[in-house]
Participant: 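Structure below; questions to follow.
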Amino acid sequence: ETGVTQTPRHLVMGMTNKKSLKCEQHLGHNAMYWYKQSAKKPLELMFVYNFKEQTENNSVPSRFSPECPNSSHLFLHLHTLQPEDSALYLCASSQEVRSNEQFFGPGTRLTVL
Amino acid sequence: GQNIDQPTEMTATEGAIVQINCTYQTSGFNGLFWYQQHAGEAPTFLSYNVLDGLEEKGRFSSFLSRSKGYSYLLLKELQMKDSASYLCAVRNAGNNRKLIWGLGTSLAVNP
């Protein structure tokens with residue numbers, strides 16, 4: 001395994017479901033990020049973790065709940081989502097928060113019905 | 001407010017040169033990034049500029065003018081595989097250091 005992996009790649013869920021997105025990085029990085037990418041909108045940073053500690057939450061609704069058990073794994077727990085939450089959710093990592101280059105995973109394409 | 005502007009779409013011919021522009025207005029500046037994203041794939045890092053001037057890396061070059069709030073990505077000897085979206089992002093200064101992203105420029109390379 002190399003780089004940043006995300007599972008599942010595609011997810012369809014109802015508004016009352018609870019699901020989780022998983023991200024794993026095999027690069028020995030200390031910082032991890034969740035981004036949302038919607039059509040015709042720029043990439044939106046959701047959460048930042050540095051050495052397992054959340055350092056940034058960009059006013060994300062509480063129906064998105066991140067978890068970072070260690071520097072290699074990042075989860076995004078989803079519950080009672082809305083159709084407008086349908087998007088591509090990208091995970092990224094970098095050596096540290098101040099690093100120039102972020103490495104992205106392939107994303108999870110989420111559809112909320 | 002903070003804003004990144006880049007053209008929505010561009011078309012070019014295989015073997016040609018194309019320049020993708022990016023203008024920005026942000027609260028503070030600590031570097032400008034270009035990423036490439038093929039359809040259905042992850043964005044991948046192309047370049048980073050923090051000082052004025054041209055940075056060359058193979059077929060790709062990136063230019064920055066901080067006084068003008070302007071950058072461009074230059075792609076030479078275009079290949080079909082260069083068809084992708086090119087994202088411009090600016091990093092804020094200070095403790096925030098958040099990346100502000102543009103919408104991306106979708107480049108189509110035709111034979």
Side-chain angles (χ1 to χ4, degrees), chain A residues 2-10 21 23-27 29-50 54-60 74 87-111, chain B residues 1-9 20 22-51 55 57 60 62 64 71 73 84-106:
Chain A
T2 58
V4 182
T5 58
Q6 290 186 242
T7 55
R9 294 294 308 275
H10 300 273
L21 310 185
C23 175
E24 185 173 358
Q25 56 97 358
H26 308 272
L27 301 168
H29 289 167
N30 297 310
M32 296 188 77
Y33 313 78
W34 278 118
Y35 285 91
K36 177 183 178 182
Q37 189 173 36
S38 306
K40 304 190 177 181
K41 286 187 174 182
L43 267 174
E44 301 172 50
L45 180 64
M46 300 174 72
F47 302 104
V48 181
Y49 277 82
N50 193 34
Q54 186 180 129
T55 58
E56 195 158 340
N57 174 342
N58 280 313
S59 304
V60 180
L74 186 64
L88 182 68
Y89 288 85
L90 291 163
C91 173
S93 72
S94 61
Q95 186 61 51
E96 54 183 69
V97 170
R98 294 176 179 268
S99 297
N100 291 335
E101 184 174 353
Q102 292 183 15
F103 293 79
F104 284 83
T108 296
R109 173 66 64 185
L110 174 67
T111 303
Chain B
Q2 305 195 93
N3 198 46
I4 308 275
D5 283 317
Q6 47 181 135
T8 306
E9 294 178 343
I20 303 175
C22 172
T23 57
Y24 63 90
Q25 292 176 311
T26 56
S27 55
F29 178 85
N30 200 338
L32 185 141
F33 300 79
W34 284 97
Y35 277 78
Q36 179 192 61
Q37 186 177 22
H38 286 100
E41 297 184 14
T44 54
F45 173 83
L46 288 178
S47 66
Y48 167 70
N49 294 68
V50 68
L51 299 177
E55 295 279 344
K57 191 187 293 185
F60 293 7
S62 56
L64 175 67
S71 171
L73 181 69
S85 182
Y86 291 86
L87 307 173
C88 173
V90 172
R91 185 165 60 192
N92 278 337
N95 291 331
N96 187 313
R97 297 177 72 91
K98 187 164 61 175
L99 284 178
I100 310 298
W101 295 82
L103 283 169
T105 298
S106 179

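Numbers restart at 1 for each chain; the letters A, B, ... are given by sequence-line order, proteins then strands. The model shown is predicted, which means the values in this text are computed figures rather than measured ones.
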Participant: Which heavy atom of A/Gln102 sits nearest to which heavy atom of B/Tyr35, and what is that distance?
Facilitator: N-OH, 3.0 Å
Participant: With a 4.5 angstrom heavy-atom cut-off, is it the side chain or the backbone of A/Arg109 that approaches chain B, or both, or neither?
Facilitator: neither
Participant: Out of curiosity, B/Phe45 CZ to A/Ser99 OG, how far, rounded to the nearest 0.5 Å?
Facilitator: 10.5 Å
Participant: Is there side-chain contact between A/Pro42 and B/Ile4, with at least one heavy-atom pair below 4.5 Å?
Facilitator: no
Participant: Looking only at non-hydrogen atoms, find the nearest pair between A/Asn100 and B/Tyr48 and report the distance.
Facilitator: ND2-CE2, 3.2 Å
Participant: Quick check on A/Gln37 against chain B: is it the side chain, the backbone, both or neither that has a heavy atom closer than 4.5 Å?
Facilitator: side chain
Participant: Taking atom NZ as the centre, does A/Lys40 end up with more than 12 heavy-atom neighbours from other residues, nucleotides or ligands that are less than 6.0 angstrom away?
Facilitator: no
Participant: Heavy atoms only, distances under 4.5 angstrom: which of A/Leu88, A/Asn58, A/Val48, A/Thr55 has the most pairs with chain B? Name it, please.
Facilitator: A/Asn58
Participant: Supply the atom-to-atom distance B/Leu103 CG to A/Leu43 CG, rounded to the nearest 0.5 angstrom.
Facilitator: 9.5 Å
Participant: Write down the atom of B/Gln37, the atom of A/Leu90, and the distance for their closest heavy-atom approach.
Facilitator: NE2-CD1, 4.4 Å
Participant: Hey, does B/Leu99 have a side-chain heavy atom less than 4.5 Å from the side chain of A/Tyr33?
Facilitator: no
